[in-house]
Number of protein chains: 2
Amino acid sequence: MAGQTSADRGREARAKLLAAARELIGELGWGAVSTRVLAERAGVRPGLVHYHFESLQALLRRAVVDQMAEVLGPATAALEAADDPGSAVEAMLAELDRYSGTDPASLLFIEAYLAGTRDPELHDQIAAVLRGFRAAFAEVLRRSGHRDPDGAAALVAAAFDGIVLHKGLDPDLSAARLAPLVRAIAEPNHETKGTRE
Amino acid sequence: MAGQTSADRGREARAKLLAAARELIGELGWGAVSTRVLAERAGVRPGLVHYHFESLQALLRRAVVDQMAEVLGPATAALEAADDPGSAVEAMLAELDRYSGTDPASLLFIEAYLAGTRDPELHDQIAAVLRGFRAAFAEVLRRSGHRDPDGAAALVAAAFDGIVLHKGLDPDLSAARLAPLVRAIAEPNHETKGTRE
DNA sequence: GATCGCCTTGGACGATTGACCAATCGTAGC
DNA sequence: GCTACGATTGGTCAATCGTCCAAGGCGATC
């Protein structure tokens with residue numbers, strides 16, 4: 001237990017700071033996370049923040065990008081393995097139900113999007129992660145013969161975040177209730193009946 | 001031009017503060033709107049903020065609730081007048097395309113939702129406005145014989161906000177591209193094919 | 001045991017924050 | 001002209017902010 005070098009302890013402090021940031025961004029909002037509350041939550045001295053990170057913004061940026069990759073990475077992998085788009089959607093909706101819409105984990109994504117509109121570097125990193133997820137989803141839909149795989153993937157991805165957002169306002173809004181409707185979007189025989197010419 | 005009493009000027013200053021808040025919440029984020037930048041944008045002295053409003057939070061709260069009612073009110077009325085759900089959706093999607101996802105007006109709604117998760121009073125006011133919109137939408141769907149009007153209304157409403165959110169990350173994501181897919185959700189003959197028993 | 005390198009500490013800096021208040025303003029009614 | 005009153009001003013308050021830095025701690029290496 002004792003054989004940890006000072007570099008090890010450094011990595012641990014850094015990790016604790018990032019973990020604290022994941023919690024606090026959702027709890028307090030991106031703009032309300034200060035160096036001092038962050039350090040307190042991490043069980044670390046405030047001065048360490050600017051030793052391990054260039055700035056507070058850089059720390060928060062890193063925390064959310066890590067978290068998004070950690071959540072969306074496995075989801076993307078599972079998506080690439082799935083061949084039935086309907087069940088893939090259902091599995092993701094079930095996953096979505098773990099987020100209440102008010103807990104920090106739910107709000108972290110939304111906060112990240114918002115912060116991304118004001119931080120070009122963060123914007124690019126988030127967009128890249130999201131692009132990967134949508135591309136994998138679209139590929140599943142394409143394989144199943146969907147008429148508009150890219151559009152459907154974009155809509156479902158947007159709907160996911162919208163559902164999380166609205167769940168915070170309406171607790172009755174369970175993902176299970178919406179599952180059949182969302183799945184219909186992904187159905188291969190989905191018809192766009194309003195086509196005009 | 002001159003015949004304005006001091007009470008009139010008071011109302012004007014109050015209105016200018018609220019208008020400035022609408023701009024700044026989207027530009028800077030809820031937590032970054034300070035009394036001083038707010039007053040400067042409104043062309044008013046900082047001291048006035050706490051004369052016209054109980055607190056900064058109360059001002060911001062009032063600003064977003066007013067804005068939401070102003071946007072969703074007419075939309076709800078138009079919805080109640082419409083009888084064809086497909087065209088109603090399309091009209092709203094066209095309206096949605098006016099929001100780029102990065103302009104202050106787009107972000108105001110998202111910021112409001114987020115702030116609502118941390119401010120119970122704001123939460124209730126937003127939820128009430130949103131409930132009205134969804135109820136009107138669901139009623140249109142019900143009249144056209146939709147299988148799950150409440151679910152579809154909830155999904156479309158959530159998808160709208162999700163689309164705005166994602167448009168900030170992917171400018172190519174136009175509402176027009178998604179229109180056929182969203183409209184399909186609202187189609188009266190919409191089938192939930194996956195029903196199991 | 002001395003040296004090296006990374007990590008950690010505690011405090012400091014100037015700037016900004018929300019809130020508050022006594023004094024003063026301008027105008028409408030008497 | 002005087003009073004009354006809502007609106008406005010300019011300034012102050014303690015608290016908090018992000019950032020930086022000199023000093024010290026501490027294990028690994030020689």
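Residue numbers start from 1 in every chain, and the chains themselves are labelled A, B, ... in the order their sequence lines are given, proteins ahead of strands. Here the structure is a predicted model, which is why all the values come from computation and not from measurement.
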Quiz item: So B:L173 and B:L178, side chain to side chain contact (heavy atoms under 4.5 Å, CB included) or not? Walk me through it.
Solution: CA-CA 8 Å; B:L173 187 70; B:L178 303 179; 4.0 Å; yes
Self-check item: DNA chain C contacts among residues 15-37 of chain A, heavy-atom distance under 4.0 Å
Solution: A:R36
Self-check item: Counterpart residues, side-chain contact (heavy atoms from CB on, under 4.5 Å), relative to A:A42 (two or more places apart)
Solution: A:K16, A:L17, A:A20, A:V44
Practice problem: Indicate yes or no: does B:D97 engage B:R177 in a salt bridge with an N to O separation below 4.0 Å. | Solution: no
Exercise. Scan residues 113-124 of chain A against DNA chain C and write down, sorted by residue number, each residue with any heavy atom closer than 4.0 Å; if none is found, say none.
Key: none
Self-check item: DNA chain C-proximal residues of residues 48-59 of chain A, any heavy atom under 4.0 Å
Solution: A:L48, A:Y51, A:H52
Quiz item: Taking the inter-plane angle between the rings of A:Y113 and A:F109 on a 0 to 90° scale, is it parallel (under 30°), tilted (30 to 60°) or perpendicular (over 60°)?
Solution: perpendicular
Exercise. Show your reasoning for whether side chain to side chain contact (heavy atoms under 4.5 Å, CB included) applies to B:R22 and B:E70.
Key: CA-CA 12 Å; B:R22 291 192 194 191; B:E70 215 167 277; 3.2 Å; yes
Practice problem: Please answer whether the main-chain N or O of A:I185 pairs with a side-chain N or O of A:H146 as donor and acceptor at a distance below 3.5 Å. | Solution: yes
Quiz prompt | Atom-to-atom span, CZ of B:R11 to P of D:dA7 - whole angstrom | solution = 8 Å
Quiz item: Taking DNA chain D as the partner, which of residues 38-47 of chain A come within under 4.0 angstrom of it by heavy atom?
Solution: none
Can you give the donor-acceptor pairs under 3.5 Å from side chains of residues 24-38 of chain B to other protein atoms, not counting sequence neighbours?
| from | atom 1 | to | atom 2 | distance (Å) |
| --- | --- | --- | --- | --- |
| B:E27 | OE1 | B:R41 | NH2 | 3.0 |
| B:E27 | OE2 | B:R41 | NH1 | 3.1 |
| B:S34 | OG | B:V37 | N | 3.3 |

Quiz item: Any donor-acceptor pair under 3.5 Å linking the side chain of B:H123 with the backbone of A:G168?
Solution: yes
Quiz item: Is the closest basic N to carboxylate O distance between B:D170 and A:R134 below 4.0 Å?
Solution: yes
Quiz item: Just by modelled atom types, is the A:S100 backbone N or O under 3.5 Å from a matching donor or acceptor in the A:D103 side chain?
Solution: yes
Quiz item: Ignoring hydrogens and geometry, is there a side-chain-to-backbone donor-acceptor pair from A:K167 to A:T102 under 3.5 Å?
Solution: no
Quiz item: Are the charged groups of A:R118 and B:E111 less than 4.0 angstrom apart, N to O?
Solution: yes
